[in-house]
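In what follows, chains are A, B, ... by sequence order, proteins preceding strands, each numbered from 1.
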Protein chains: 2
Amino acid sequence: MDFFFNPKAVAVVGATPNPFKGGCSILKNLMAGYQGGIYPINPRYDKIEGLPAFPSVSAVDGPVDLAIIFVPAKATPGAVEDCIRKGVSGIIIESGGFAETGTEGRMQQQRVLDMARGAGIRLWGPNCMGLVDAVHGRVFSFMDPSALQAGLVPGNVSLVVQSGMLSAGFLVDIMTHGIMGISKVCSVGNKMDVDECDLVPWLLRDPDTAVIGLYLETITDGRRFINLCRGSVKPIVVLKGGKSARGAQAAMSHTASLAGNRRIVSGALAQAGVIEACDFKQMMDLCRSLSTVPAKASDLKGGVAILTFSGGAGIVSSDFLEDMGLTVADFADDTKKNLQAVFPDWMPVANPVDLWPAMEKNAATDVDIYSEAMKAVLADPAVDAVLLHVFVGNFRIRINLPDLAQQSRAAGKPVFIWLLGRREEAYQFQMAAREHGVPVFQELYRAVDCLRTVMNQKKHPSAVIAAGETGEPSPLSPVLKNVLDSAAGPLDEFISKKILNAYGVPTVEEVMADNVDECLQATARIGYPVVMKGLQAGDVHKTELGLVYLDIRNKSTATKTFRTITRKMGGRGRVLIQKHVRGHVELILGLLRDHQFGPCVMIGLGGILAEVFQDAVFAMAPLNHQEALVLTDRLQGQKLLDGFRGSPPVNRDELARILTALGNIGLAHPRIQEIDINPLIITAEGAVAVDATIIVR
Amino acid sequence: MDFFFNPKAVAVVGATPNPFKGGCSILKNLMAGYQGGIYPINPRYDKIEGLPAFPSVSAVDGPVDLAIIFVPAKATPGAVEDCIRKGVSGIIIESGGFAETGTEGRMQQQRVLDMARGAGIRLWGPNCMGLVDAVHGRVFSFMDPSALQAGLVPGNVSLVVQSGMLSAGFLVDIMTHGIMGISKVCSVGNKMDVDECDLVPWLLRDPDTAVIGLYLETITDGRRFINLCRGSVKPIVVLKGGKSARGAQAAMSHTASLAGNRRIVSGALAQAGVIEACDFKQMMDLCRSLSTVPAKASDLKGGVAILTFSGGAGIVSSDFLEDMGLTVADFADDTKKNLQAVFPDWMPVANPVDLWPAMEKNAATDVDIYSEAMKAVLADPAVDAVLLHVFVGNFRIRINLPDLAQQSRAAGKPVFIWLLGRREEAYQFQMAAREHGVPVFQELYRAVDCLRTVMNQKKHPSAVIAAGETGEPSPLSPVLKNVLDSAAGPLDEFISKKILNAYGVPTVEEVMADNVDECLQATARIGYPVVMKGLQAGDVHKTELGLVYLDIRNKSTATKTFRTITRKMGGRGRVLIQKHVRGHVELILGLLRDHQFGPCVMIGLGGILAEVFQDAVFAMAPLNHQEALVLTDRLQGQKLLDGFRGSPPVNRDELARILTALGNIGLAHPRIQEIDINPLIITAEGAVAVDATIIVR
C-alpha cells in the first residue's frame with residue numbers, strides 16, 4: 001500500500017492542458033506539492049504544463065510505481081494494460097462510469113479488476129477523488145486546484161471517505177474554515193480493490209495519523225474491519241450511511257426482525273471500541289477533539305470545571321454535563337479560596353464559575369482572570385477537564401490563549417472552548433486555538449458531546465479474536481450433525497434445543513411422546529405442572545395454531561390435552577411435554593448471520609416488552625466473556641436484570657456464557673442462519689431456554 | 001408595556017462622557033438610531049456627547065416616558081424616586097448589584113420594586129442588557145457600541161433572554177455571522193417586575209414579530225405562561241436552563257420521584273405546543289426556520305425531496321429523514337420523466353436525486369440543473385418540502401438562489417439548504433439566502449431537525465383553559481371535605497380512594513373490617529380471592545412492613561390473615577379487605593403540585609417497568625379530554641396500551657377521563673400536594689385504582 005502514499009514517480013494517464021478537464025487538475029495538483037517524478041501521459045502532446053509528455057506509461061524511460069488514470073471508462077482497460085506492461089505497483093482510477101452506472105459499468109469494472117489482480121497490481125477507486133496528503137502537500141486528485149489555493153492545513157487526523165464529492169467538499173470546507181488540520185484524505189469510491197480494510201492498517205502504522213475518521217456506505221468485510229478496529233490504539237470514528245430500513249425484509253425470527261441494519265452495525269462498532277458519529281460535521285468535531293488528547297495519556301474521570309462569562313451559559317453547561325454522564329466537579333476548599341481572591345466578596349465561588357464579576361472587579365488591574373481561574377481549577381484533583389466559554393468582540397475580556405493551552409498541557413487535563421462573538425474575531429481565535437491544540441466549538445452542546453467522547457475513549461486495544469477460533473471439537477452427536485447438514489428451514493424446538501444444549505445452553509426438561517402412555521410416563525417423570533405442545537415439521541406458528549397448552553396440573557388434563565393436540569395435527573406431528581417453568585424475567589437471545597458481519601449474537605427483553613420497547617442489542621461473534629457481559633449492560637432495560645421486589649438478580653455470568661455459546665454455534669455451523677431462544681426464562685435456579693428455533697439454510 | 005418599545009422620550013440616568021462606562025454606551029447607542037427625545041441625566045455635566053445634560057429626570061423640561069438607569073445599586077432608589085417625580089411610565093434598570101449578589105441586594109431590589117409599584121411604574125431588569133429593536137434601529141442597552149458597528153440586521157424573530165451576557169453575546173454573534181434577522185432582543189435580567197408573561201403577549205401582538213424564542217432559567221408564573229403559549233398562533237421556542245436534578249429531593253410519592261424538574265417543564269411546554277430547544281444555537285436555528293414558513297399557510301405532510309451533489313449526502317439525508325419521522329417522497333412517474341430529461345440515460349432518477357451526473361451531462365449547455373430539478377420535484381404532489389445540498393467553491397455548480405426561493409414560495413413548499421464549501425463563498429451564499437428567506441445550515445442533521453420542526457408545527461392555537469374552571473360543585477361529602485381541610489401528611493388508601501372515587505376515578509371494591517365477623521361478611525360480599533391490608537395512620541409503607549396479603553382464597557385463610565395483621569399492628573390500625581384484581585397492564589397515575597406550574601398530572605408505566613424504564617409523562621392541569629389523550633400518546637411504552645397476546649386494548653378515553661379528574665381534584669383542593677394511584681390496573685372490564693395515596697399539606 002505504501003506506493004499509493006509515497007510513490008517515487010507518478011504517471012498521469014489522461015493528462016491534458018485543457019484547464020476544464022480533470023486530467024489537467026491532477027497534473028497541476030501534483031506539480032504544486034509532489035516532489036517525485038511526474039509523467040503526463042497523452043499521445044497528442046509532447047509537453048503538458050511544461051513537463052515532457054509520453055504517449056503511454058510503458059514509454060516512460062524512468063521507473064513509475066503509481067499511475068493515476070483519468071480517462072473515460074471504456075478506455076481504462078487499455079490504460080491498465082499499459083500500466084501492467086510498465087510494471088507499476090498501484091493504480092488510482094479516478095474516472096467514473098463503472099459499477100455505479102449499471103450492469104455494463106459493473107462488467108467493465110470487473111474486467112479492469114481481473115487484469116490488475118492477474119498482474120499483482122493494487123487498484124484504488126474507480127469513481128473517486130483519489131488521495132490528499134496535507135502533511136506532505138500531495139494532492140493525487142482531480143479536484144479543482146483553485147479550491148485549494150489557500151493551502152493545505154496539516155494535522156494528524158486522517159479521513160477515509162466513500163464518496164468522491166463529499167471527500168473533496170469536506171476537505172475544502174475544513175481547510176478554508178480552519179477548523180482542523182488533516183493528515184490524509186482517502187477517497188475510495190467504488191472500492192473495487194483497495195478498501196477500508198487496506199487503509200485502516202496502513203493508517204494505524206502511519207506516524208502522521210493520530211485519529212482515523214471513516215464515512216462508509218458499505219463495509220466490505222465487516223468481520224475483518226471490526227477486528228482491525230478492536231486492535232487499534234488510535235481512536236477510530238465511523239459515520240455509517242444507509243442505516244435506515246430498506247423496506248420490510250421478510251424475517252422468520254424475532255432476532256432478525258429486531259436487528260435492522262442499524263442495530264448490528266452499531267453493536268459491532270461499539271464492541272470494537274469504535275466511536276460512532278451521526279453527522280458529517282460532528283464526525284469532524286469528534287476527530288479533531290480526539291486528536292488533541294492522547295488516549296494513553298488520559299486517565300480522566302468525569303469531573304469538569306466550567307469557566308464562563310455568563311451565568312446562563314454555566315447553567316446550561318451543567319445541564320449538558322449531567323445529561324452526558326459527566327459531572328460538574330465539586331471544588332476543593334483550596335480551589336475556592338484561590339479563586340475567591342480575584343472575586344468580589346459578595347460572590348461565593350462555586351462551579352460553574354462566572355468570571356464576569358471578577359473581570360469587573362479587576363478591570364483596572366492587569367490581573368488575567370482567565371489565567372488565574374485556569375490555574376486554580378487545574379490544580380484541583382476533582383477537575384479532570386475544563387469547559388471554557390469565550391466571547392470575542394468585547395475588549396474588556398482578555399484571553400491569553402498560549403498560556404491557557406500551556407497550562408492545560410502541563411496539567412494533562414484537556415480544555416475545550418465554547419466560542420461566541422464577532423465573526424472575524426471568532427475566526428481568528430479559532431485558527432489560533434487550532435494551532436495551540438485547543439478544540440473550539442460554536443455549539444455548546446457539541447463541545448460537551450466531544451469532551452465526553454474524549455474523556456470516555458478506550459484506553460487500551462480490545463482483544464482481537466480470530467473468527468472460528470473456538471478451539472473446541474464439536475459437541476454434537478452424529479445425529480444432530482446430520483440434521484444440521486441435511487435440513488433446510490426451521491428446525492423444530494425439540495431438535496433446536498438439543499443442539500443448543502449440546503453447546504451448554506441450559507434448556508427446559510422435556511420429552512417427546514408418541515402416545516398417551518408415553519405422555520403420562522413423561523409427566524410423571526417431569527412432574528406437574530407441565531406444558532404440552534404439538535410440533536409439526538417446518539412449522540414455527542404453533543401458538544397461533546392453538547397447539548400450545550400451559551399449566552397442565554394432572555393426569556386427566558394431560559390425557560385430554562394429548563388427544564386434542566394429536567387430533568388438531570391430524571396425525572402429522574408429535575407432542576412435546578415439558579416442565580412448566582415460572583420465572584421472573586423473560587429474555588430473547590438469538591443469533592443472526594449478517595451479510596457484512598457474519599454471525600452476530602443478540603440479547604433483548606422478552607415477552608410483551610420485546611414488542612413495546614424493542615430493546616435488543618447485538619455483537620459480532622465470537623464474543624469473549626467480558627464482551628458478553630458488556631453486551632448485557634448495553635440493554636436499555638438492563639436494570640431488569642438487577643433483581644427487584646424480592647427476586648434475585650439475574651446471573652450475568654451465566655447469560656454471558658450462553659451468549660458466547662450462541663456465537664460459537666454460529667461460527668461452527670455456517671448453515672445456521674438464525675437462532676431464536678424465545679423465551680429464555682430466568683428462575684431462582686438460573687436461566688432456562690423454554691422455546692427455541694434454529695433456522696438452517 | 002408599549003412605552004418600553006416605543007417611548008416618546010428617553011432619559012439616561014448615569015449618562016457620562018467616559019467611553020469606558022456603560023452610561024456612555026447607552027447614550028451613544030440611543031443616538032445611533034433612536035428618533036425620539038434623548039436626555040442624558042448627570043448633575044456633573046452640562047452637555048454629554050453634544051446633548052444638553054440634566055441634573056435629574058425631574059429637571060427635564062419635556063415629557064419623558066422611559067428612563068434607563070445605569071448607576072450603582074445603592075444609588076438606584078434615589079434615581080427611581082426622581083423618575084416617579086417626573087411621572088415616567090417605565091424604567092429599565094440595567095445595572096447589577098441586586099438580588100443576584102445576596103441578601104442585601106435582594107432587599108435593595110425589593111425596595112426599588114415597592115417604590116415603583118406604589119407609583120404605578122413598570123420596572124424592567126435589573127442586572128440586564130435592556131432592549132434592542134433591530135427593525136427600528138433602537139438599542140436601549142449598555143452593550144459596547146463597537147460590537148454593533150456592522151449594523152443591525154432586521155428580521156421577524158424576537159428573543160427574550162434571561163441572561164445579560166448571553167443576550168448581548170448572541171446578538172453580536174448572530175448579526176456578524178449574518179445567520180438571521182432580528183426583531184427584538186429583550187434582556188430581562190432579574191425579572192423583578194417585567195417578565196416573560198408581560199413580554200409574550202406584547203410580542204404576540206407585535207406585527208414585526210413572527211416567531212418568539214425564549215431562554216429562561218426560571219418561569220415566574222408557569223401556569224400563566226403556559227396558557228399564554230397555548231393561545232399563541234405564532235411559534236414559540238423555549239430553551240429552559242437549569243433542568244438537571246439539583247440534588248436528591250425527598251419525595252414521598254412515586255409521582256414526585258418520577259417528576260424531576262425536567263419532565264414537568266417539558267410536559268407543560270409540549271402540552272402548550274411550545275417547541276423545546278436543547279441548545280442556544282439550535283434555538284436560533286429553530287427560530288429562523290420557523291420564521292420562513294408561516295404555520296397557517298402550511299398544510300404540509302412529511303414528504304421530502306432530496307436534491308444533492310453527492311450520493312453519499314443523499315444517503316445520510318435519507319437516514320435522518322427516517323429517524324425524524326419524515327419520509328423520502330416517492331416521486332410520481334411524471335416527476336421522474338421530467339427529471340430524466342436532464343439526466344444521462346444510464347441513471348434512473350429516484351429520490352434522493354444526485355444532480356452531479358446531470359450537471360456533467362449538461363456542462364456544455366446553459367441548462368440550470370438545480371432550477372429544472374426544483375421545478376420537477378415541487379410539482380410532485382408527494383413532495384411537501386425540498387432538502388437541497390449546495391457546494392460553493394466549484395464553478396461548475398450554478399445556483400440561481402432568487403429563482404429557487406421564488407419557486408419555493410410559489411409552490412408553498414419550503415426549501416431548506418445544507419451548505420458546504422469555501423468559507424468566504426459560503427458566507428456570501430448564506431447572507432443571500434437569508435435575504436431570500438431560505439434557511440441555510442452547515443450541519444445536515446440540523447437542517448433536517450429544523451425542517452421536521454417546521455413541518456410539524458402546530459397549525460392552530462390550543463384551547464386556553466383558565467385554571468380552576470371546572471365549573472362543577474365539589475362532589476365530596478362533608479366528612480371527606482373535612483378530612484382534606486384538617487389532615488396533614490399522607491391519607492390512608494381507604495380515604496384516598498373514597499376521595500378519588502367521588503371525582504369519578506374507578507376504585508377497587510373494598511371494605512374496612514374491625515373484627516373477624518366483619519372481615520368474613522366483607523369477603524362474602526366481595527367474593528374470593530381477596531386482598532387484605534393493614535392500614536395505620538400516616539404510614540405509606542404497608543408492603544415493606546408485611547401488612548399486605550394477596551390472593552386469599554377461603555374463609556380460614558381470611559380469618560388467620562385478619563388475626564396476623566391485627567397482631568402485627570399491635571392494635572394501632574384497621575384491616576382493609578378488597579377484591580383481588582388481576583389485569584394485564586399496570587399503570588401509575590398521579591398528581592403533583594409544582595411550584596412553577598401548579599397541579600400537574602402524570603401517567604406512567606407501573607410495576608417493575610416504572611423502575612426499569614422510568615417512563616412517565618406530565619401535563620399541567622386542567623386538561624381537556626383531547627390533551628389527556630395526547631398525554632397517553634407521549635408515553636414511550638404507549639404500545640403497551642394497544643392490547644397484545646389476546647388482551648384487549650386499554651380504553652384510552654377512560655384513562656383520559658381519570659387524568660382529567662385527577663387534575664380537577666388538584667385544582668379544587670389546594671392543600672393536596674401529591675396523589676399517587678399505584679397501581680391502576682387495567683382489566684377486561686376497565687381501569688381500577690387498587691392502591692392510592694393522597695398527600696395533604
Interface residue of largest heavy-atom contact number with chain A, from [options], under 4.5 Å:
options: B:G169, B:G96, B:G102; result: B:G169
options: B:L419, B:L640, B:I608; result: B:I608
options: B:E424, B:K639, B:E443; result: B:E443
options: B:R423, B:E100, B:M143, B:M175; result: B:R423
options: B:L420, B:T103, B:V172, B:V316; result: B:L420

State, with a plain yes or no, whether a side-chain heavy atom of A:L159 is found less than 4.5 Å away from one of A:M283.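 Result yes, sub-4.5 Å side-chain heavy-atom pair found.
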Using ring centroids (six-membered ring only for Trp), state whether B:F280 and A:W418 fall under 6.0 Å.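 When the ring centroids of A:W418 and B:F280 are compared, they turn out to be within the sub-6.0 Å range.
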Heavy-atom count check: over 12 atoms from other residues, nucleotides or ligands less than 6.0 Å from B:Q428 CD?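 Yes, CD of B:Q428 has more than 12 neighbouring heavy atoms, counting only those of other groups under 6.0 Å.
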Would you say that more than 12 heavy atoms from the other residues, nucleotides or ligands in this model lie under 6.0 Å from the CZ of A:F429, or not?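 More than 12 within 6.0 Å, yes.
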Under a 4.5 Å heavy-atom cut-off, does chain B meet the side chain of [X], its backbone, both or neither?
X: A:F309; result: both
X: A:Q442; result: both
X: A:F613; result: side chain
X: A:F170; result: both
X: A:S163; result: side chain
X: A:L171; result: neither

Any salt bridge linking B:R422 with A:D144? Criterion: basic side-chain nitrogen under 4.0 Å from a carboxylate oxygen.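 So B:R422 does not pair with A:D144 through a salt bridge.
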Charged N to carboxylate O under 4.0 angstrom, B:D345 versus B:K361?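 Here B:D345 does not pair with B:K361 in a salt bridge, since their nearest N and O are not under 4.0 Å apart.
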For A:D449, what residues pass the salt bridge (Lys or Arg N to Asp or Glu O under 4.0 Å) criterion, not counting sequence neighbours?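 Checked A:D449 against salt bridge (Lys or Arg N to Asp or Glu O under 4.0 Å); matches are A:R452.
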Just to verify, what does B:D285 make a salt bridge (Lys or Arg N to Asp or Glu O under 4.0 Å) with, not counting sequence neighbours?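 For B:D285, the residues satisfying salt bridge (Lys or Arg N to Asp or Glu O under 4.0 Å) (neighbours in sequence not counted) are B:R288, B:R446.
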Can you tell me which portion of B:L609 sits under 4.5 Å from chain A's heavy atoms? Options are side chain, backbone, both or neither.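 Only the side chain of B:L609 comes within 4.5 Å of chain A.
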